[in-house]
J.: 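My structure is below; once you've seen it, I'll send some questions.
The chains referred to below are lettered A, B, ... by the order of the sequence lines, with proteins before strands, and numbering in each begins at 1. The structure presented is a predicted model; accordingly, all values stated were derived computationally and were not measured.
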Amino acid sequence: MASEIKNKSKREPLLHIVKRDDMAWWAAWSIRILTILIITFIMCLISVKLTGYSLPVIFEKMFRKVFGMIELGRLKMFWAYLESVAILLCLSLALTPAFKMKFWNCGAEGQALMGGLAAMICMKDIGGKIPEWLLFVLMVVLSIVFGMVWGVLPAIFKAFFNTNETLFTLMMNYIAIQIVKYYLCFLPDGSNKINPETIKHGMFPGLGQNNYFVNIAVVAVLTIVMFIYLKYSKQGYEISVVGESQNTARYIGINVKKVIIRTMLISGALCGVAGLLLVAGADHAVDTNTIGGQGFTAIMMAWLGQFNPFIILFMVFVIKFIELGMVSVYTNLDVSFAEVIVAIIILCVVGCEFFIRYSVKFNHRKKEGTV
Amino acid sequence: MTNQPAIELKNITKKFGKVIANKNVNLTANRGEILSILGENGSGKTTLMNMISGIYYPDEGSIYIDGKEAVITSPKDAFDYKIGMIHQHFKLVDVFSAAENVVLGINKGAYDLNKSTAQIMEICDKYGFELDPVKKIYTMSVSEKQTVEIIKVLYRGADILILDEPTAVLTPQETEKLFAVLRRMRDAGKCIIIITHKLHEVLSLSDKVAVLRKGEYVGTVNTCETTESELTEMMVGEKIELNIHRSEPVSDETRLSVKGITCKDRQGIVVLDDISFDVKAGEIFGIAGIAGSGQRELLEAIAGLQKLTSGEIIYNNPKTGNMDNLRDKTPVQIRELGVRLSFVPEDRLGMGLVGNMDIVDNMMLRSYSKGHSVFLQRKKPKDLANKIIHDLGVVTPGASTPVRRLSGGNVQKVLVGREIAAAPTVLMVAYPVRGLDINSSYMIYNMLNQQKETGVAVIFVGEDLDVLLELCDRIMVIGSGRVAGTVDARTASKEEIGLLMTKSRKETEGE
């Protein structure tokens, strides 16, 4: 028979892949950390080729960018690093409860931008007309409300009409960008750009050399609160149940619609806070690129951190270090190179999950002629 | 070719992480023979067959087909060796017709549906299948879908057929039909392997029985030379009693009465039509019927998960003496009324439990919302989890193991254990022993009996009529969402119930 002849020539494959779920946590983490180290090293080697710097110079530049000013007694650079970690972390934390519920919120970018816009409106247009403390209260409330609205609209549609939340949240980003653009059209000087120097009210105070004290402190608290909320609160438990199985949730009497809407209110609110921190605590301006794609990077961070706030924190620290370091390496060439390299690194870190979930087995050649 | 070894397994071993699914299994299946692979749940039957059909690759050992060593790395390789597997869960495209599904994926030039249909009809005639090749899958019953799956592998020329628990979803009549077809295929010289844990099917159908226990091969016996108790002993490793003890009902008080409930599904089709019955405290009330006759909807309606268009569900509260109407109440409202209603749904991991959560968190599902604190109390659920693991002998590495990693029987023990721990006055169970091994099944029956003896009204939806007749006090037969009749389980016969099941079906077909 033809098929038999074909099979005769078929050799045993060299390897086969087996699913596993018994890897110890330390082994899994060794794989992840080794992947990060190895791929970063390879990228540094590539950078040697591209920039012409020697390898030690590249390492020095990376560390100097992030930690460089510590030795001079000026921590400015380091605080800037922490601040950029704080913003990305805040966005990642915002996405975590939604993702845990299997609600794929791709709208952190827009939700944060709306929060930032609200803060800007308060600072520029209301600042000076009301007492400063009231201005801060108003900024916080309005930023949260703007973020919430952007987050809850897709949730309402999801809960009642079962629309696709991925597309909905994604589209809301573009609306937010256009609204900011519209707002910038009406600046008194007609420049379409806010000059941070002209903003005199509603800026978060610094602490000594640390201009970003508020941002860092707020996000540090949020990380702990989010961890406790997800792991130990009843609402966090409901989120997990709804995410795992809506049928089970119905069976035990969880109001699924309520949980979806409540969780997205939280998610949107935290995005609003991220926008507020970015505008009032760092940029003192707003434009369509204020969030700068971090709302999308946050999606990766939430996944890499396995929806655990502390692992997310670690991941954000690592990725931001590589990103800032690479930017300083490529300042003379083109910063876009740095972005490409960071993207490749993130991709490889995601890819290493394969070796954690599966094991590759080499087949031993079998003895011939046993028949 | 008859009685030649079609397939031989030598020293097959397969591990999943630490779990050894198969260990040094040796097995031979001949042509012109039906071989049953018998074993309890988690004994590695399906894993073994999956290696023959190319889904898994063995870690050690080799497979011989017609005496030659074979390397099967994918289902396509398996097809080249003329091996066809019919899985427990069907893999068909719903919107395609039977014929389209059969030819799907065959890469031999242009499709000629007319020609294929003729070939399909030929196969049907040869073995006695009943199938309409142009019928769409989504309009088919489970047994028709299974027929399509079998024809699909026959059409591709398979002469080694593996069926994974083929009767789990069939009625007694459908099972008989399937067996007749399988016997005809055997007589035509095909090698048929059927995976099962139902002893009476093994005895009535197969020529030989291979028994697996905990991944290891115990032995092969000729069916004509063995008995039910011998097989059980091989399977379980010890002698066990296969009797269900049935006590007299303890009281005459009506606990739950369902009065004329009607309910429609999302498409507006009537799924429950004017159903009325009473359940007494301390009896097991059986519900029998062809799968999909409204059993699921009926239980969900009582549990507050289905909207009713008419009717009432009256609960006689033994604490307050009130008659509470449960209609249009959510599960939370029902609980708040003080109704102690426990429900073991058909879909254990998709409804009763959360597969990715551990046993402790699954215990918490029922009780987490108690108290005013915003935080969870894990102490009590943890104690309960440990108690259930200990009392019911749940095989698990620990209370913090996700339930999806447990075997079917252990998952069910966790679920039933939790529902009984809620001290119910009404306990509803839907197909509680589906997919369970003998020991676990009898354990569940005993638990239901204990509940009955303490005065709980037990509603038992089952599929095995023998069990229903042995376990229940009364049996209500439903068909197409209507009550076809209620019989006394102590005096009724299997035929009587079968007749009621088919009677209701004929009535609806006549409309």
Side-chain angles (χ1 to χ4, degrees), chain A residues 1-24 100 102 162 228-238 240-256 258 357-359 361-371, chain B residues 10 14-19 56-62 64-73 77 79-82 157 300 303-305 330-336 343 345 347 349-357 361-362 364-369 371 373-378 402 405:
Chain A
M1 272 179 272
S3 64
E4 273 179 27
I5 295 160
K6 207 177 89 193
N7 283 320
K8 254 185 193 167
S9 62
K10 192 166 173 74
R11 297 236 308 271
E12 192 185 17
L14 186 65
L15 45 82
H16 67 280
I17 291 160
V18 186
K19 202 169 169 98
R20 64 188 308 168
D21 49 9
D22 61 333
M23 190 179 262
K100 228 177 169 179
K102 301 226 162 76
N162 198 23
I228 293 170
Y229 177 74
L230 288 176
K231 187 142 192 209
Y232 297 107
S233 82
K234 288 177 180 174
Q235 294 193 0
Y237 181 72
E238 286 176 350
S240 305
V241 175
V242 171
E244 293 291 343
S245 161
Q246 297 208 358
N247 252 334
T248 308
R250 262 173 12 99
Y251 160 78
I252 56 163
I254 290 175
N255 186 340
V256 175
K258 191 176 115 188
R357 305 230 170 123
Y358 298 89
S359 68
K361 286 215 160 82
F362 290 92
N363 297 322
H364 303 292
R365 307 260 53 220
K366 282 171 197 156
K367 286 158 264 158
E368 299 292 327
T370 38
V371 182
Chain B
K10 289 195 177 156
K14 180 76 185 171
K15 295 175 194 162
F16 294 102
K18 282 180 204 140
V19 183
Y56 296 141
Y57 192 81
D59 293 339
E60 282 165 39
S62 32
Y64 294 86
I65 294 182
D66 293 328
K68 295 188 195 75
E69 186 170 356
V71 175
I72 306 169
T73 55
D77 288 352
F79 271 127
D80 291 342
Y81 285 112
K82 297 175 179 292
E300 288 189 7
L305 300 168
T330 65
V332 175
Q333 287 168 324
I334 290 177
R335 230 174 293 156
E336 279 165 359
F343 179 22
D347 186 0
L349 286 178
M351 192 170 199
L353 300 166
V354 178
N356 277 332
M357 285 187 175
D361 280 10
N362 268 300
M364 214 154 55
L365 279 172
R366 272 248 175 257
S367 57
Y368 83 97
S369 58
S373 165
V374 292
F375 293 109
L376 295 165
Q377 301 296 327
R378 278 199 172 86
R405 292 212 200 147

J.: What are the two closest heavy atoms between Arg250(A) and Leu305(B), and how far apart are they?
T.: O-CD2, 3.3 Å

J.: Closest approach of Phe375(B) and Lys234(A), non-hydrogen atoms and distance?
T.: O-CE, 3.5 Å

J.: Which one wins on heavy-atom pair count under 4.5 Å against chain A: Leu365(B), Val374(B), Ile334(B)?
T.: Leu365(B)

J.: Of all heavy-atom pairs between Gly350(B) and Ser245(A), which one has the smallest distance, and what is that distance?
T.: O-OG, 2.8 Å

J.: Report the option among Met364(B), Gln377(B), Glu300(B) that has the most heavy-atom pairs separated by less than 4.5 Å from atoms of chain A.
T.: Met364(B)

J.: Under a 4.5 Å heavy-atom cutoff, which of Gly304(B), Ala303(B), Pro345(B) has the most pairs with chain A?
T.: Pro345(B)

J.: Does any backbone or side-chain atom of Gln246(A) lie under 4.5 Å from a heavy atom of chain B? Answer side chain, backbone, both or neither.
T.: neither

J.: Which atoms of Phe79(B) are under 4.5 Å from chain A, going by heavy atoms: the side chain, the backbone, both sets, or neither?
T.: neither

J.: List the residues meeting side-chain contact (heavy atoms from CB on, under 4.5 Å) with Lys231(A), not counting sequence neighbours, and say none if there are none.
T.: Phe227(A)

J.: Less than 4.5 Å to any heavy atom of chain A: does that hold for the side chain of Gln333(B), its backbone, both, or neither?
T.: neither

J.: Could you tell me which portion of Leu353(B) (side chain, backbone, both or neither) has an atom closer than 4.5 angstrom to a non-hydrogen atom of chain A?
T.: backbone

J.: Any heavy-atom pair between the side chains of Ile252(A) and Tyr368(B) that's under 4.5 Å?
T.: yes

J.: I need the minimum non-hydrogen distance between Ser240(A) and Met357(B), along with the two atoms involved.
T.: CB-CE, 3.3 Å

J.: Taking every heavy-atom pair that is under 4.5 Å apart, which of Val332(B), Asn356(B), Thr330(B) has the most such pairs with chain A?
T.: Asn356(B)

